[in-house]
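Report on the structure given below.
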Amino acid sequence: MALDQDILDHLLETVRRFVKNRLVPLEAQVAETDQIPESIIDEMRDLGLFGLTIPEQYGGLGLNTEEECQVAIELGYTSAAFRSIIGTNNGIGSQGLIMDGTEEQKELYLPRLATGEIIGSFALTEPNVGSDSAKVQTKATKDGNHYILNGTKRWITNANIANVFTVFARTNQSVDGAGGVSAFLVNADTPGISLSSKYKKMGQQGAHVCDVIFDECRVPETNIIGGPENINNGFKTAMKTLDRGRIHISAFAVGCAKRLIEISTQYAIERKQFGQAIAEFQMIQAMLAESQAESYAAETMVFDAARRRDLGQKVNLHASCCKLFASEMVGKVADRAVQIHGGAGYMDEYAVSRFYRDVRLFRIYEGTSEIQKTIIAKNLLKQAKN
């Protein structure tokens with residue numbers, strides 16, 4: 001169900017003001033300190049940003065996919081770290097539970113995720129399992145009415161502040177692929193969980209990732225998402241979660257591109273060379289025009305895929321098309337923005353250098369560009385055979 005248009009417009013305007021007045025001025029500080037001020041996180045809680053996509057009956061705003069994309073574009077106007085802090089609660093940290101969880105599981109976790117009282121995290125990637133995510137090696141061994149988890153999850157977003165993990169582990173050791181994997185809800189204070197130190201990253205300072213190590217971690221079988229009867233269906237949960245997440249990331253990439261185009265256009269108007277603004281030179285105009293056209297194309301794709309999902313259509317193909325095109329698009333837009341700024345674009349004091357590093361990750365996480373191409377091709381071949 002869609003929000004009333006007046007309510008949605010008010011939400012978007014509120015987010016827009018918050019981004020412009022509170023987040024943009026803090027971009028350099030967050031990049032320097034690698035930390036988002038706690039006061040800003042509290043403001044995000046007050047604005048309801050942790051519960052954007054969580055159903056209203058559990059205390060969230062219940063945005064549909066299209067509405068979520070509109071908010072994601074607004075958030076794209078500032079550093080990616082700000083979106084990351086709320087992203088897992090709205091996306092991969094909650095959507096599996098929303099789609100496949102039992103009512104008891106939803107009532108236990110979703111209201112607290114919606115308020116930001118707790119942080120959710122998505123633990124799928126492993127040291128030897130990245131793109132081939134169906135080959136999860138973390139083991140979940142049955143022990144009475146519990147499972148014992150052993151294994152390591154790598155580069156887990158928000159793991160250092162998470163209160164609950166969605167953990168994908170192999171419950172059927174005789175099955176090598178996706179069919180033997182289950183999704184568990186695991187409280188972060190469960191004995192047997194430890195964390196690595198935070199990784200130093202190329203970009204997105206203020207958003208933290210680290211490894212999560214499970215060593216004889218004992219979890220009740222009732223913590224399988226969907227209950228014990230949903231055993232070995234965890235990979236299906238992961239893929240459904242990633243479909244929506246890929247559309248969201250695509251929308252966020254569009255927002256980043258819009259910010260990059262705006263600041264590049266303004267810089268081109270103000271910067272003088274050879275006695276005139278560089279905006280007067282056709283090669284600069286061409287870079288701006290290409291960026292605008294590609295950003296518009298990605299935005300159109302995003303909303304088409306979002307509306308299809310909201311209509312209940314299968315969007316595996318469309319989500320991957322969006323993720324591939326939008327993530328590659330914003331990388332090109334960022335590269336052009338640096339080029340338009342010239343030497344200034346290589347300096348940290350200009351936002352384009354931070355965006356250039358931040359958006360590079362979009363082509364990797366939640367499925368690399370190469371994996372998106374594989375998914376698209378498999379869908380096309382499947383359609384052709386049917």
Side-chain angles (χ1 to χ4, degrees), residues 30-31 34-36 79-96 119-140 149-170 178 181 183-186 188 190 192-215 217 234-235 237-239 241-246 248-250 252-253 256 323 327 330-331 354 356-372 374:
V30 170
D34 193 27
Q35 196 69 43
I36 297 173
S79 296
F82 294 117
R83 184 212 65 89
S84 185
I85 195 71
I86 65 170
T88 49
N89 275 33
N90 285 296
I92 54 179
S94 68
Q95 288 302 308
I119 301 295
S121 191
F122 186 81
L124 176 61
T125 301
E126 298 179 358
N128 295 313
V129 176
S131 293
D132 192 6
S133 54
K135 293 295 181 67
V136 165
Q137 296 175 4
T138 295
K139 292 182 179 180
L149 272 57
N150 285 283
T152 298
K153 298 295 183 178
R154 176 143 292 174
W155 303 320
I156 306 305
T157 301
N158 287 338
N160 60 311
I161 57 172
N163 304 97
V164 59
F165 295 100
T166 299
V167 182
F168 296 87
R170 189 162 299 283
V181 176
F184 291 84
L185 293 164
V186 184
T190 304
I193 296 178
S194 60
L195 305 177
S196 73
S197 57
K198 294 180 292 187
Y199 280 93
K200 294 182 178 180
K201 309 185 305 300
M202 177 192 295
Q204 297 205 17
Q205 274 68 43
H208 301 141
V209 301
C210 58
D211 294 351
V212 184
I213 300 97
F214 299 90
D215 182 12
C217 179
F235 192 74
T237 296
M239 293 304 100
T241 298
L242 289 173
D243 275 347
R244 181 165 185 165
R246 286 165 179 163
H248 171 96
I249 289 297
S250 301
F252 186 70
C256 294
K323 173 66 162 57
S327 63
V330 75
R354 295 194 300 272
Y356 183 83
R357 295 191 300 272
D358 286 355
V359 303
R360 184 60 182 85
L361 184 57
F362 297 168
R363 291 159 58 190
I364 298 174
Y365 67 4
E366 297 205 25
T368 64
S369 290
E370 291 70 31
I371 288 298
Q372 304 312 319
T374 301

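Just so you know, these numbers come straight off a predicted model, no measurement behind them.
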Could you measure the distance from the CD1 atom of I364 to the CD atom of E370? Nearest 0.5 Å is fine.
9.0 Å
Check: H208 side chain, Q35 main-chain N or O, donor-acceptor pair, under 3.5 Å:
no
Take I119 and T88 through the side-chain contact (heavy atoms from CB on, under 4.5 Å) test and state the conclusion after the steps.
CA-CA 7 Å; I119 301 295; T88 49; 4.1 Å; yes
Using 0.5 Å steps for rounding, measure from the CD1 atom of I92 to the CG atom of L124.
9.0 Å
To the nearest 0.5 Å, what is the distance between CZ (R83) and CG (D358)?
11.0 Å
Verify, without hydrogens or angle tests, whether Q205 (side chain) and K201 (backbone) share a donor-acceptor contact under 3.5 angstrom.
yes
Is it true that a side-chain atom of S121 and a backbone atom of F165 form a donor plus acceptor pair closer than 3.5 Å?
no
Crowding at NZ, K139 (>12 non-hydrogen neighbours, <6.0 Å)
no
Minimum heavy-atom separation for D211 and S196, please, with both atom names.
N-OG, 2.8 Å
Quick one: does any side-chain atom of R246 pair with a main-chain N or O of E366 as donor and acceptor, under 3.5 Å?
yes
Other residues, nucleotides, ligands: >12 heavy atoms within 6.0 Å of F235 CZ:
yes
Option from I193, V164, V212 for which side chain to side chain contact (heavy atoms under 4.5 Å, CB included) with V186 holds
I193
Interatomic spacing from CD1 in I161 to CG in N163 - rounded to 0.5 Å
8.5 Å
Do I86 and N89 have side-chain heavy atoms sitting under 4.5 Å apart?
no
Main chain of F362, side chain of K323: is a donor-acceptor contact present, judged purely on distance under 3.5 Å?
yes
Is it the case that the side chain of Q372 and the backbone of G367 share a donor-acceptor pair, with hydrogens and angles ignored and the cut-off at 3.5 Å?
yes
Considering all heavy atoms, the nearest A159-C210 contact:
CB-SG, 3.6 Å
Kindly compute the distance separating CD1 (I85) from OG1 (T157), expressed to the nearest 0.5 Å.
10.5 Å
Looking only at atom types and distance, does a side-chain atom of T125 sit under 3.5 Å from a main-chain N or O of G130, one as donor and one as acceptor?
no
Is any side-chain heavy atom of F168 closer than 4.5 Å to a side-chain heavy atom of T138?
no
Which atoms form the tightest heavy-atom contact between A183 and T166, and what is the distance?
CB-CG2, 4.4 Å
With no hydrogens and no angle check, is any side-chain donor or acceptor of S133 less than 3.5 Å from a backbone partner on V129?
no
Flag the pair E126 and R154 as a salt bridge only when some basic side-chain nitrogen lies within less than 4.0 angstrom of an acidic carboxylate oxygen.
no
N160 backbone acceptor or donor facing K198 side chain under 3.5 Å
no
V209 and I156, any side-chain heavy atoms less than 4.5 Å apart:
no
Provide the closest heavy-atom pair for A169 versus V136 in the form atom of the first, atom of the second, distance.
CA-CG1, 3.9 Å
With rounding to the nearest 0.5 Å, note down the distance linking NZ in K200 to CG in D34.
9.5 Å
Quick one: does C256's side chain get under 4.5 Å of V330's, heavy atoms only?
yes
Ignoring hydrogens, what is the shortest heavy-atom contact between A140 and L149? Give both atom names and the distance.
CB-CD1, 3.9 Å
Look at the side chain of N158 and the backbone N and O of S84, then say whether any donor-acceptor pair between them is shorter than 3.5 Å.
yes
